[in-house]
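Throughout, a chain's letter reflects where its sequence line sits, starting with A, and its residues are numbered from 1. Both backbone and side-chain heavy atoms feed into the values below; hydrogens, waters and symmetry mates do not. These numbers were taken from a predicted model, which means no experiment stands behind them.
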There are 2 protein chains.
Amino acid sequence: MSDSSKSFQEAVRLTMCQVRHLSMHHLWRFAKEQGFSMAQMITLRHIYHQDPAKGCSISDISGWLGVTNAAVSQSLDKLVDQGLVERQENPHDRRSKQILLTPKGEEMLKKSMQAKQTWLEDLAAHLMPEEQTQIESAFRLLTEKITDMEKS
Amino acid sequence: MSDSSKSFQEAVRLTMCQVRHLSMHHLWRFAKEQGFSMAQMITLRHIYHQDPAKGCSISDISGWLGVTNAAVSQSLDKLVDQGLVERQENPHDRRSKQILLTPKGEEMLKKSMQAKQTWLEDLAAHLMPEEQTQIESAFRLLTEKITDMEKS
DNA sequence: CTAAGTAATTAAGCAGGCTTATATAATAAG
DNA sequence: CTTATTATATAAGCCTGCTTAATTACTTAG
C-alpha cells in the first residue's frame with residue numbers, strides 16, 4: 001500500500017472515529033427518550049436504506065442484526081402498533097413479508113437525524129466558505145463511491 | 001443561512017447518514033460477538049475520548065449515557081473483571097473514582113475499530129490518487145474543526 | 001403428488017441491564 | 001462540630017429483548 005493511501009486512510013479514520021462516537025451517543029439517547037431499543041433503531045435504519053418499493057423481509061433484518069426471526073417478528077409488532085412500519089405480502093413469495101416504513105416512521109427517522117442538524121450548523125459556522133466548498137465536494141465524491149461499494 | 005452553506009450541510013449529512021448506518025451495524029455485531037452490551041461499548045468509547053491522564057468519573061459516564069450511577073457501577077464491574085478498565089482513586093476527591101482504560105481495554109477498542117479498516121481499504125481502492133488527496137485534506141480540516149467544537 | 005425445505009408467527013421461559021432503596025465514605029456549608 | 005450534600009457501591013426486584021420450540025403457510029425438488 002502506498003504512503004499516500006495510508007495517509008488518506010488515517011485522515012478518514014480519525015474523522016470517522018469522532019463522528020461515530022458522537023453519533024452513537026446521540027442515537028442511544030434518542031432511543032432512550034423515545035422508548036425504542038437499539039435493535040429497533042438499527043432495524044428502522046436498515047429498512048430506510050432499502051429500496052422503498054421493495055422493502056425488506058424479516059429474514060433480511062434478522063440476518064443484519066444477527067438475531068432470530070422470532071426476535072425480529074416480535075420487535076416489529078411494537079413498531080407496527082406504533083404505526084411506524086407495515087407488513088405487506090410479498091407478491092413473489094407469499095411466505096415472505098415486505099417490511100416498509102410508513103410516512104410516520106419515515107418522519108420519526110428524519111427527526112432522529114435532525115438533532116444532528118444543529119451540530120451541523122455549528123460546524124458550518126466554524127468554517128470559512130472556501131473550507132465548506134472543499135469539504136462539500138469531498139463528501140459528494142465519497143457518497144458516490146460508498147454507494148458504488150455497497151452495490152457491488 | 002446561505003445557499004452554499006445549505007449545500008455543504010446536505011453533502012455532509014448524506015455521507016454521515018451512510019457512515020452512521022454502517023458504523024451502527026458494525027458496532028452492534030461486534031458487541032454481540034464479544035458479549036458486551038451497547039451501553040458498555042459506548043462507555044468504553046467515552047472513556048477512550050477522555051484525557052487519558054484524568055480518566056473520567058462514574059457520574060460522567062452515567063450523565064453521558066443517561067442512566068443511574070448504580071447501573072454504571074455494575075456495568076463497570078464486569079469490564080474490570082475482564083481487565084479492560086480500572087478504577088483509581090481521584091487524588092482531589094477521594095469519594096470519586098477515575099475510570100481508566102487498561103492497555104488491554106485500549107487494544108480491544110482498537111480491534112473494534114479495526115474491522116472498519118478493511119472497509120477503508122476497499123474505499124481507497126475505489127478512488128484515484130487525486131481523489132484520495134482531495135478527501136484527505138477535507139477530513140484533516142474537519143477533524144481539526146470538530147475537535148475545536150468539542151472543546152468549546 | 002409427496003416430501004423436504006423455507007418464511008414467518010406465537011408462546012414460554014430465561015438472562016441481563018436497569019431502577020429503586022439503602023449504606024458508606026468523603027467533602028462542603030453553617 | 002454538626003448537618004447536608006455528593007460520589008460510589010451493593011442488593012433486591014422488575015422489565016424487556018432474546019432464545020428455543022412448536023405451528024402454520026407456502027414453495028421447491030424429486
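- Between the CG atom of A/Asn69 and the P atom of D/dC18 there is a distance of 13 Å, given to the nearest Å.
- The side chain of B/Ser73 approaches D/dA9 more closely than any other nucleotide in the set D/dA9, C/dA26, D/dT19.
- Residue A/Ser57 places no side-chain N or O under 4.0 Å from the OP1 or OP2 atom of C/dA7.
- Heavy-atom contacts from other residues, nucleotides or ligands closer than 6.0 Å to CD of A/Glu10 number more than 12.
- Of the side-chain N and O atoms in A/Arg95, none sit less than 4.0 angstrom from OP1 or OP2 of C/dT9.
- Side-chain proximity of B/Ser37 to C/dT19, C/dG17, C/dT9: nearest is C/dG17.
- For the pair A/Ser96 and C/dA7, the criterion of a side-chain N or O lying under 4.0 Å from OP1 or OP2 is not met.
- With no hydrogens or angles considered, a side-chain donor-acceptor pair links A/Ser7 and B/Arg140 at under 3.5 Å.
- Put simply, A/Lys78 has a side-chain N or O that comes within less than 4.0 Å of OP1 or OP2 on D/dG17.
- OP1 and OP2 of D/dC18 both lie 4.0 Å or more from every side-chain N or O belonging to B/Lys32.
- Protein atom CD of A/Gln88 is 14 Å distant from nucleotide atom P of C/dA8, rounded to whole Å.
- The interatomic distance linking A/Glu89 (CD) with D/dT27 (P) rounds to 9 Å, in whole Å.
- Both A/Val72 and A/His92 sit near DNA chain D, but only A/Val72 has its closest nucleotide nearer the 5' end.
- Nucleotide D/dT24 holds its P atom 17 Å from the CZ atom of A/Arg94, rounded to whole Å.
- For B/Ser75, no side-chain nitrogen or oxygen approaches OP1 or OP2 of C/dG17 to under 4.0 Å.
- Computed from coordinates, the B/Ile58 CD1 to C/dA26 C1' distance equals 16 Å when rounded to whole Å.
- In this structure, a donor-acceptor pair under 3.5 Å is present between the side chains of B/Ser137 and A/Gln134.
- Rounded to an integer number of Å, the gap from CG of A/Asp77 to P of D/dG17 is 12 Å.
- Judged by distance alone, the side chains of A/Thr147 and B/Gln18 do bring a donor and an acceptor atom under 3.5 Å apart.
- Checked for salt-bridge contact, B/Arg87 and B/Asp77 meet the test: a charged N lies under 4.0 Å from a carboxylate O.
- Of the two residues contacting DNA chain C, namely A/Gln74 and A/Trp28, the nearest-nucleotide position lying further toward the 5' end is that of A/Gln74.
- Taking atom CG on B/Asn90 and atom P on D/dA9, their separation rounds to 13 Å, with Å as the unit.
- At C/dA8, one or more side-chain N or O atoms of A/Ser59 fall inside 4.0 Å of OP1 or OP2 (strictly under the cut-off).
- Between A/Gln98 atom CD and C/dA7 atom C1' the separation is 13 Å, expressed in whole Å.
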